[in-house]
Amino acid sequence: MEPELTIQQVAQATGLSVHTLRYYERCDLIAPIGRSTSGHRRYSANDLRWIEFLNKLRLTGMPIRQMQQYAELVRSQPDSGFHSRRQMLESHREAVLAQIQQLQDNLAVIDWKIQHYSELEANLNDSLKTPPQTRSA
C-alpha cells in the first residue's frame, strides 16, 4: 500500500502553505484529495508529484487561470489531449525563455556597473598611494 501524507507533510515537502494547498483544491488545480476515516486529507505520491509540477509552473510565472486550463485538460482527457497540453507547455516554455533572456540582459548591465565601480575604486586607491608631486620653485 502506498504511504499517504497529511496536508502538513505535503506543505513541508513542497514549500507551499496549507492554505495554498487548500486553495489549489478549491480552484480545481488539484483533483479532490482522498480523506481518512476521520475526514482529514490524505495525499498520495501521485498527488505530491502533481503539486510539485504545479509549483514549478507557478514559480515560472504561469498564471493560475492557465494552470487551471492545463489541469482541466489532464482530468478531462487523461489518455488523449496530449497535443493541447504540449502546446500549452511549449507556449509557457517560450515565455520562460524570454524571461531568462531578459534576466540575462539585466544581469549584464549589473555586471558592467560592478566592473565600472571596481575600476573607479582601483583608480582612487592608486591615486591615494601615489605621493603628490612637489612643486619646484
Side-chain angles (χ1 to χ4, degrees):
M1 182 171 182
E2 180 178 295
E4 296 178 328
L5 303 170
T6 66
I7 195 167
Q8 290 83 10
Q9 290 170 319
V10 172
Q12 186 175 14
T14 62
L16 297 173
S17 69
V18 168
H19 174 77
T20 299
L21 290 169
R22 288 182 181 135
Y23 170 74
Y24 278 11
E25 190 176 352
R26 274 194 318 276
C27 72
D28 295 325
L29 284 174
I30 302 172
I33 300 299
R35 304 281 180 144
S36 67
T37 55
S38 63
H40 294 104
R41 288 172 177 82
R42 293 293 182 248
Y43 293 81
S44 69
N46 284 340
D47 295 328
L48 183 60
R49 281 190 293 277
W50 176 249
I51 292 165
E52 288 171 339
F53 178 66
L54 290 175
N55 201 21
K56 298 298 183 206
L57 293 177
R58 190 72 186 129
L59 289 170
T60 56
M62 182 179 275
I64 293 288
R65 182 151 326 276
Q66 208 172 358
M67 291 168 60
Q68 288 170 317
Q69 291 169 349
Y70 184 86
E72 176 57 30
L73 284 172
V74 170
R75 277 193 300 278
S76 66
Q77 303 172 8
D79 297 323
S80 63
F82 304 121
H83 179 75
S84 298
R85 286 184 261 172
R86 182 181 51 78
Q87 281 185 318
M88 284 186 76
L89 292 176
E90 285 176 350
S91 175
H92 183 63
R93 181 180 189 278
E94 290 302 314
V96 170
L97 287 171
Q99 287 176 333
I100 290 169
Q101 183 60 55
Q102 185 64 56
L103 287 171
Q104 288 175 333
D105 293 347
N106 295 342
L107 183 60
V109 171
I110 292 167
D111 286 341
W112 176 85
K113 200 64 157 174
I114 290 169
Q115 181 62 35
H116 176 69
Y117 286 135
S118 294
E119 290 169 5
L120 290 175
E121 288 173 339
N123 291 340
L124 180 63
N125 287 338
D126 287 346
S127 69
L128 292 175
K129 291 178 185 175
T130 305
Q133 300 227 353
T134 57
R135 292 183 141 173
S136 52

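Quick note: numbers below take in every heavy atom, side chains included, and nothing from hydrogens, waters or symmetry partners.
- A donor-acceptor pair shorter than 3.5 Å can be found between the side chains of His92 and Thr60.
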Discussion item. Before you tell me yes or no, could you show the steps for Arg41 and Arg35 under side chain to side chain contact (heavy atoms under 4.5 Å, CB included), namely the whole-Å CA-CA distance, both residues' side-chain angles and the distance that decides it to 0.1 Å?
Written reply: CA-CA 5 Å; Arg41 288 172 177 82; Arg35 304 281 180 144; 3.5 Å; yes
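- To the nearest 0.5 Å, the span separating OG on Ser44 from CZ on Arg49 amounts to 7.5 Å.
- Between the CD atom in Glu90 and the CZ atom in Arg93 there is a gap of 8.5 Å [rounded to 0.5 Å].
- Not a single donor-acceptor pair under 3.5 Å links the side chain of Ser91 to the backbone N or O of Gln87.
- Between Gln66 atom CD and Arg58 atom CZ the span is 10.5 Å, to the nearest 0.5 Å.
- Taking CD1 of Ile64 as the start and OH of Tyr24 as the end, the distance is 4.5 Å to the nearest 0.5 Å.
- For the atom pair CG of Asp105 and CD of Gln101, the computed distance is 4.5 Å after rounding to the nearest 0.5 Å.
- Put simply, CD on Glu25 and CD1 on Ile51 are 8.5 Å apart, with the number rounded to the nearest 0.5 Å.
- Here the options are Asp47, Leu48, Leu54, Asn46, the test is side chain to side chain contact (heavy atoms under 4.5 Å, CB included), and the partner is Trp50; only Leu54 passes.
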Worksheet entry | Step-by-step side chain to side chain contact (heavy atoms under 4.5 Å, CB included) determination, Arg65 to Gln69 | CA-CA 6 Å; Arg65 182 151 326 276; Gln69 291 169 349; 4.3 Å; yes
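- Environment of CD in Gln9: crowded, with over 12 heavy atoms of neighbouring residues, nucleotides or ligands closer than 6.0 Å.
- In plain terms, the two heavy atoms of Ser17 and Ala11 that are nearest each other are C-CB, 4.2 Å.
- Atom CZ of Arg75 is surrounded by more than 12 heavy atoms from other residues, nucleotides or ligands within 6.0 Å.
- Counting only N and O atoms by type, the side chains of Gln115 and Glu119 include a donor and acceptor under 3.5 Å apart.
- Met62 and Ile100 sit in two unconnected hydrophobic clusters of ILVMFWY residues. Membership requires side-chain heavy atoms under 4.5 Å apart, directly or through other members.
- No more than 12 heavy-atom neighbours from other residues, nucleotides or ligands sit within 6.0 angstrom of OH on Tyr117.
- Atom CZ of Arg86 sits in a crowded spot, with more than 12 heavy atoms from other residues, nucleotides or ligands closer than 6.0 Å.
- No continuous path of hydrophobic side-chain contacts links Val96 to Phe53 [ILVMFWY only; heavy atoms under 4.5 Å].
- Arg42 is listed as a side-chain neighbour of Thr6, based on a closest heavy-atom distance under 4.5 Å.
- Across every non-hydrogen atom of Ala71 and Leu29, the tightest pair is CB-O, 3.8 Å.
- A donor-acceptor pair under 3.5 Å is absent between the side-chain atoms of Asn55 and the main chain of Leu16, judged by distance alone.
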Worksheet item: Where do Arg85 and Val74 land on the side chain to side chain contact (heavy atoms under 4.5 Å, CB included) test, with the steps shown first?
Response: CA-CA 8 Å; Arg85 286 184 261 172; Val74 170; 3.5 Å; yes
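- Side-chain contact check for Ser38 and His40: at least one donor-acceptor pair (N or O, by modelled atom type) lies under 3.5 Å.
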